Peer 1: 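My questions will all concern the structure given below.
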Amino acid sequence: MMLPDLFATDREKIALDPGAWLLGDFALDEASALLAEIARIAAQAPFRHLETRTGGTMSVAMTNCGDAGWVSDRRGYRYTDDDPLSGQAWPAMPSQFRDLARRAAETAGFPGFAPDACLINRYAPGTRLSLHQDRDEARHDAPIVSVSLGVPARFIWGGQQRSDRPRRHNLFHGDIVVWGGPARLTFHGIDMLRKAHHPETGDLRFNLTFRRARLPNLA
DNA sequence: AAGTTCCA
DNA sequence: CATG
């Protein structure tokens, strides 16, 4: 509707910046199936709280699927082929994930997106993710595709410099944000999650973040 | 600073 | 107590 995103995004396509779009409700029809896949992945590669280089602990719980998974520990940030907890490869990326990410990217003007990594974030009440860039990927020509599920959150959308004043947008169950090209390294984050209830996730929010982490980006 | 704490 |  004409009203800003107070309660729902209602399949709007909102331009955040050149190369950055909020696709309201884009994944709504398949959200239940996505949550079921998350549960299957988490049974194999459990959610865990990663440490940062400086000894802090992230409040967001994370796991991954795909050929590469994002991890943080006292050595820093990087992508790994295997889950450090099990020594086994990360669970395979479900074809539904791959297809959804490709369609969302295409809708945002980035055809041919072939993600090889999907970071899965789980937010409980009080969880936050402070302003950062996604810059650990081997190439930055592929976009980022971010899928929101469950309890709504306040998305912090900054600029190309950390000092740029961020704007904020609500992200609801089924919304997707895509950013690439000139927006690929935009600073972003999530405000502290407010306690709320969603019929499919209880008081939790899940986020799928698709990236191209490794070199080949051929279809 | 993909962290936490403090303070206006 | 919420926000920056």
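Computed from a predicted structure; not experimentally measured. Labels below follow one simple rule: chain letters A, B, ... track the order of the sequence lines, proteins then strands, and each chain is numbered from 1.
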Peer 1: Running the 4.5 Å side-chain criterion over Ile, Leu, Val, Met, Phe, Trp and Tyr, what cluster does A/Leu28 land in, apart from itself?
Peer 2: none
Peer 1: If I take atom NE2 in residue A/His132 and atom C1' in nucleotide B/dT4, what distance separates them, rounded to the nearest angstrom?
Peer 2: 18 Å
Peer 1: Could you list the residues that satisfy side-chain contact (heavy atoms from CB on, under 4.5 Å) with A/Ala104, not counting sequence neighbours?
Peer 2: A/Leu23, A/Phe26, A/Val145, A/Ile176, A/Val178
Peer 1: Please report the distance, rounded to the nearest Å, between NZ in A/Lys195 and P in C/dA2.
Peer 2: 14 Å
Peer 1: For DNA chain C, report each stem as range with range, ordered by first number, or say none. Use Watson-Crick or G-U wobble pairs under 3.5 Å, at least 3 in a row.
Peer 2: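 Counting only runs of 3 or more consecutive pairs, none involve DNA chain C.
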Peer 1: Provide the full list of side chain to side chain donor-acceptor pair (under 3.5 Å) pairs with a residue in residues 103-114 of chain A, sequence neighbours left out, each pair given once.
Peer 2: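 Sorted pair list: A/Glu30-A/Arg103.
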Peer 1: Please work out if A/Arg162 contacts a base, only the sugar-phosphate, or nothing of the nucleic acid, heavy-atom cut-off 4.0 Å.
Peer 2: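 If one applies the 4.0 Å heavy-atom cut-off, A/Arg162 turns out to touch the sugar-phosphate alone, with no base involved.
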Peer 1: A/Thr127: which residues meet the side-chain contact (heavy atoms from CB on, under 4.5 Å) condition with it, sequence neighbours left out?
Peer 2: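 Per chain and number, A/Thr127 pairs via side-chain contact (heavy atoms from CB on, under 4.5 Å) with A/Ser59, A/Val60, A/Tyr123, A/Ala124.
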Peer 1: Using a 4.0 Å cut-off on heavy atoms, which residues in residues 47-63 of chain A reach DNA chain B? List them by number, or say none.
Peer 2: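 Output list: A/Thr52, A/Thr54, A/Thr57, A/Met58.
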Peer 1: Roughly, in whole Å, what's the span from CG in A/Asp191 to C1' in C/dA2?
Peer 2: 11 Å
Peer 1: State which residues pass side-chain hydrogen bond (donor to acceptor under 3.5 Å, both in side chains) with A/Arg162; sequence neighbours excluded, sorted by chain then number.
Peer 2: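 So A/Arg162 forms no side-chain hydrogen bond (donor to acceptor under 3.5 Å, both in side chains) with any residue.
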Peer 1: According to side-chain contact (heavy atoms from CB on, under 4.5 Å), who are the partners of A/His198, at least two apart in sequence or on a separate chain?
Peer 2: A/Val151, A/His173, A/Glu200, A/Thr201
Peer 1: Could you tabulate the donor-acceptor pairs under 3.5 Å formed by side-chain atoms of residues 81-89 of chain A, not counting sequence neighbours?
Peer 2:
unit_1	atom_1	unit_2	atom_2	d
A/Asp81	OD1	A/Arg214	NH2	2.7
A/Asp83	OD1	A/Arg48	NH1	2.9
A/Asp83	OD1	A/Arg48	NH2	3.3
A/Asp83	OD1	A/Leu85	N	2.8
A/Asp83	OD2	A/Arg48	NH2	2.8
A/Ser86	OG	A/Gln88	N	3.0

Peer 1: Paired with B/dT4 by Watson-Crick or G-U wobble geometry, both distances under 3.5 Å: which nucleotide is it?
Peer 2: none
Peer 1: B/dT5 and B/dA1: how far apart are their C1' atoms, nearest whole angstrom?
Peer 2: 14 Å
Peer 1: Figure out the CZ/C1' separation between A/Arg165 and C/dG4, and round it to whole Å.
Peer 2: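 After rounding, the reported distance stands at 10 Å.
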Peer 1: Excluding sequence neighbours, so at least two apart, what forms side-chain contact (heavy atoms from CB on, under 4.5 Å) with A/Ala42?
Peer 2: A/Phe47
Peer 1: Between A/Arg128 and B/dA1, is there a contact of a side-chain N or O with OP1 or OP2 at under 4.0 Å?
Peer 2: no
Peer 1: Under a 3.5 Å cutoff, is there a donor and acceptor pairing between the side chains of A/Arg53 and A/Tyr77?
Peer 2: no
Peer 1: Rounding to an integer number of Å, can you tell me how far A/Met192 CE sits from C/dA2 C1'?
Peer 2: 10 Å
Peer 1: Quick one: sort the A/Trp179 and A/Trp157 rings into parallel, tilted or perpendicular, breaks at 30° and 60°.
Peer 2: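 Perpendicular.
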Peer 1: Where along residues 67-84 of chain A does a heavy atom fall under 4.0 Å from DNA chain B?
Peer 2: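 The stretch gives A/Trp70, A/Tyr77 as the residues lying under 4.0 Å from the strand, ordered by number.
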Peer 1: Could you tell me the separation between the CG atom of A/Leu193 and the P atom of C/dT3, rounded to a whole number of Å?
Peer 2: 13 Å
Peer 1: In whole angstrom, what separates A/Ile156's CD1 from B/dA1's C1'?
Peer 2: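 Taking atom C1' of B/dA1 as the reference, CD1 of A/Ile156 is at 14 Å.
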Peer 1: Taking side-chain hydrogen bond (donor to acceptor under 3.5 Å, both in side chains) as the test, write out the residues that go with A/Arg165, two or more places apart.
Peer 2: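 With neighbours one apart ignored, the set is empty.
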Peer 1: Can you spot which of A/Arg168, A/Arg128, A/Arg154 makes a side-chain hydrogen bond (donor to acceptor under 3.5 Å, both in side chains) with A/Asp191?
Peer 2: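 Of the listed residues A/Arg168, A/Arg128, A/Arg154, the side-chain hydrogen bond (donor to acceptor under 3.5 Å, both in side chains) partner of A/Asp191 is A/Arg168.
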Peer 1: Could you check how far CG of A/Leu131 sits from P of B/dT4, rounded to whole Å?
Peer 2: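 In whole Å, B/dT4 P and A/Leu131 CG are 15 Å from each other.
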